[in-house]
Protein chains: 2
Amino acid sequence: MGQVTPAPRSAAPHARPSTGTRLDPWIDSYADRTHGMRASEIRALFAVASRPEVVSLAGGMPNLAGLPLDSLAESAQRLIATRGATALQYGSGQGDQTLREQILEVMRLEGIDAHPDDVVVTTGSQQALDLVTRLFINPGDVIVAEAPSYVGALGVFRAYQAEVVHVPLDEHGLVPEALDEALTRLAAEGRTVKLIYTVPNFHNPAGVTLSLERRPRVLEIAQRHGVLLVEDNPYGLLGFSGEPLPAMRSLDDEGVIYLGSFSKTFAPGYRVGWAVAPHAVREKLVLASESAILCPSNASQLAISTYLAEHDWKGQIKAFREMYRERRDAMVSALSEHIPEASWTVPDGGFYTWVRLPDGLDAQAMLPRAITALVAYVSGTAFYADGQGADHMRLSFCYPTPERIREGVRRLSTVVDGERELVEIFGTAATREGRIVESPSPDLA
Amino acid sequence: MGQVTPAPRSAAPHARPSTGTRLDPWIDSYADRTHGMRASEIRALFAVASRPEVVSLAGGMPNLAGLPLDSLAESAQRLIATRGATALQYGSGQGDQTLREQILEVMRLEGIDAHPDDVVVTTGSQQALDLVTRLFINPGDVIVAEAPSYVGALGVFRAYQAEVVHVPLDEHGLVPEALDEALTRLAAEGRTVKLIYTVPNFHNPAGVTLSLERRPRVLEIAQRHGVLLVEDNPYGLLGFSGEPLPAMRSLDDEGVIYLGSFSKTFAPGYRVGWAVAPHAVREKLVLASESAILCPSNASQLAISTYLAEHDWKGQIKAFREMYRERRDAMVSALSEHIPEASWTVPDGGFYTWVRLPDGLDAQAMLPRAITALVAYVSGTAFYADGQGADHMRLSFCYPTPERIREGVRRLSTVVDGERELVEIFGTAATREGRIVESPSPDLA
């Protein structure tokens, strides 16, 4: 392989300088897909943002304060003592049979009728997303996704060299006419569209929900164009009013891959999510998962299974909903009070509100000043594959207390006010160079 | 996407038949890489082989009977009760800092001197292998691997459309001269060789260990040809005599990616492994892992970390070594007694012996008869990318008791005797059609 010439190295292994250089002797060896991977510049800011004096409205970490730790601890003890030989051993690539049956119960709350064989347990639903993308995407294939979209999905799509084409959403979610137009245009251009990716409930980051009326229309469009729909639904049970809407999967079991997760309805630390897929796709998902990790953790799966069997998991979800609703209310009322010149979505569930900044402000450029003012958010640019979004920011209300949320928004208002003054005086506010492409990370989940 | 034409579907989502068909409406949508994925025909046999009356010499499941479950259960209880808010939450993409420091202690036993920043915690070392392959392999790139090689690695390499070129090993491991020749030839052919993949200690499936004398020679050859070496080392601490040999990584920290695992030295159920990589590669590994799973399980990582802190993990490894040595002895003496016309490696550690069948016998064709005789193994064909290996089988001695191992080999001898009779009478024994390509699975770990 003559073309690969690492930095000069001595033939004697011990003689080489051991550490300290940041140069990469393997720079010429990486795969094409790897060149698209970049560490986010925002990471450095997050390191600062995690200091306790900063109010972080950036992260997507669920608030676990309400979990009954003592009782979970006893369950954990009993699990290892009585079923340790199973919990500590390799398991099936598809996931634990009992857990897959319990997952059906969870999904029944959103109208899904499936068979345990249809379910593949994964290391968080992020892994399901990775595996689905792996199964379907050749470099250059198109994935149609909402504008904006979940940053972690965009990272996976980029890792497989997909091209993302954004379709607008409004307060009722993905716009069916715009989806139909985009698919028609892409077909006319001879593009290969493999997947439609959507977060129908309490969208990350936009906070909106696909209306009941639009759901069959979106499915009809996907079917008519022959494109699989990926329904990513981590927040569906975390609505603040009324019953959950029927999942897209409940309306179509051959054209939808459904992704679910226990990370927001219970706890992310076990990394247990799942996919429900049409039969033949499900078989390939299992093979892909075995190639990627052999099998999901039995210890984690049995811990979740025990939780579902022994605890009032529906009551816990209700408690989460009430906690997050209170925080949503704090966020929205603080925005009204402190930054009335912005506009924002009022989510009916989930973790996020999507804030449009006053004209002329750039969320990405403004972020360092916000962190200096001890408040953090995620710039809207993280949620687009094409550089849009600087006029928006995502504010999370999931983790901080209502008091901290109000204080965070107050701090943010001082930064916004300062930027607006600059715009009024100079016609422009903070500027930035180039575009920062986010990589997914737990901070952004 | 005119070329994708799913099976006819009604426009009304509810009208479609819901389940039962095994046809795949998405068959034309898969990525190129997916066409290489196949369910192993051996899977069906394994379903039979897992019946209790079958002695399985096939699987790679560690024997966990010696683990102190009551004490581990108490640790689990304390972990959730006192550190539940961390254990149940998202963690860092690179892995828990304390665990990474403890991993350094483990690796020090094999002479590795590294920094916690060099370590990336993964969902089993299988995920590390997946991520390394993802970072480096374009379709058609070459990976040089031992003949035979770990089936799970071959599955990953195929998933990324690598071409595997096998290099022979002998009783002292990978043959340096053959490696040098292969790399020289591939360079002359203009091929791009990205990785050398090796299991230096107690090889799976061959049972051999790369000699101390060969280790620097192999590294020198890799360096001279400018190829990264992937050292996969799940069994290194499970030697039956003497001290562990120095890891390849202990001799070269810029040219080696080291993969480690707790699956064999503690328990696979937590799915915790790790990679140690040169600095720039390590950074990309973290990005790739975040894209794949966001972060490894905190619950699993803290359970392992607690185990290392509170339990005599070195004593446990010593107990495992003694247990596996006794089983190796049972295997080898049973082979001498019952199948003296075969030949086999006598491993000085690990889980496997590699058995060469008498001339004319085909391990793959013979497997159904073996299972009928209530004994299972893995055909040697699973461990080659190119169809070789039917003259070998892998026998595992890790899981069954010594008595069961002896009984399994006795049953196997009846099958071998029957096949040999056929060869003597007809000049051939059982035959098979086509080549079965294995997909990795826990059965084969």
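Values reported hereafter were calculated over all heavy atoms of this structure, with side chains retained and with hydrogens, waters and symmetry mates removed. Naming convention: chains lettered A, B, ... in sequence-line order (proteins, then strands); numbering from 1 in each chain.
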Are the side chain of [X] and the backbone of [Y] linked by a donor-acceptor contact shorter than 3.5 Å?
{"X": "A:Ser29", "Y": "B:Lys194", "result": "no"}
{"X": "A:Trp26", "Y": "B:Glu254", "result": "yes"}
{"X": "B:Lys284", "Y": "A:Thr34", "result": "no"}

Counting heavy-atom pairs under 4.5 Å to chain B, which of A:Leu72, A:Leu64, A:Thr82, A:Leu67 comes out on top?
A:Leu64

Name the option with the most non-hydrogen atom pairs under 4.5 Å to chain B; the candidates are A:Leu228, A:Val281, A:Val272, A:Asp70.
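Ranked by heavy-atom pairs under 4.5 Å with chain B, first place is A:Leu228.
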
Interchain contact, [X] with chain B, by part (heavy-atom threshold 4.5 Å):
{"X": "A:Thr122", "answer": "neither"}
{"X": "A:Asn138", "answer": "both"}
{"X": "A:Pro62", "answer": "both"}
{"X": "A:Arg134", "answer": "both"}
{"X": "A:Tyr399", "answer": "side chain"}
{"X": "A:Asp32", "answer": "both"}
{"X": "A:Leu302", "answer": "neither"}
{"X": "A:Ala288", "answer": "both"}
{"X": "A:Ala159", "answer": "side chain"}

Which atom names give the shortest non-hydrogen contact between [X] and [Y], and what distance separates them?
{"X": "B:Leu69", "Y": "A:Ala85", "result": "CD1-N, 4.0 Å"}
{"X": "A:Ser300", "Y": "B:Ser297", "result": "OG-OG, 4.0 Å"}
{"X": "A:Tyr90", "Y": "B:Arg271", "result": "CE2-NH1, 3.6 Å"}
{"X": "B:Leu88", "Y": "A:Ala267", "result": "O-CB, 3.5 Å"}
{"X": "B:Ala73", "Y": "A:Gln77", "result": "CB-O, 3.1 Å"}

Test A:Arg33 against B:Tyr160 for side-chain hydrogen bond (donor to acceptor under 3.5 Å, both in side chains), laying out the working first.
CA-CA 11 Å; A:Arg33 69 177 71 83; B:Tyr160 289 94; over 6 Å; no

[X] side, atom [atom1]; [Y] side, atom [atom2] - distance, nearest 0.5 Å:
{"X": "A:Met37", "Y": "B:Leu135", "atom1": "CE", "atom2": "CG", "answer": "5.0 Å"}
{"X": "A:Gln127", "Y": "B:Ser291", "atom1": "CD", "atom2": "OG", "answer": "11.5 Å"}
{"X": "B:Leu79", "Y": "A:Ile80", "atom1": "CG", "atom2": "CD1", "answer": "10.5 Å"}
{"X": "B:Ile293", "Y": "A:Asp130", "atom1": "CD1", "atom2": "CG", "answer": "9.5 Å"}

Steps toward side chain to side chain contact (heavy atoms under 4.5 Å, CB included) verdict (A:Asn298, B:Tyr270)
CA-CA 7 Å; A:Asn298 259 7; B:Tyr270 291 114; over 6 Å; no

Contact part of B:Leu131 toward chain A, heavy-atom cut-off under 4.5 Å: side chain, backbone, both or neither?
neither

I'd like to verify something: which residue of B:Ala292, B:Gly124, B:Ala81 has the highest number of heavy-atom pairs under 4.5 Å with chain A?
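Among the listed options, the one with the most contacts to chain A is B:Ala292.
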
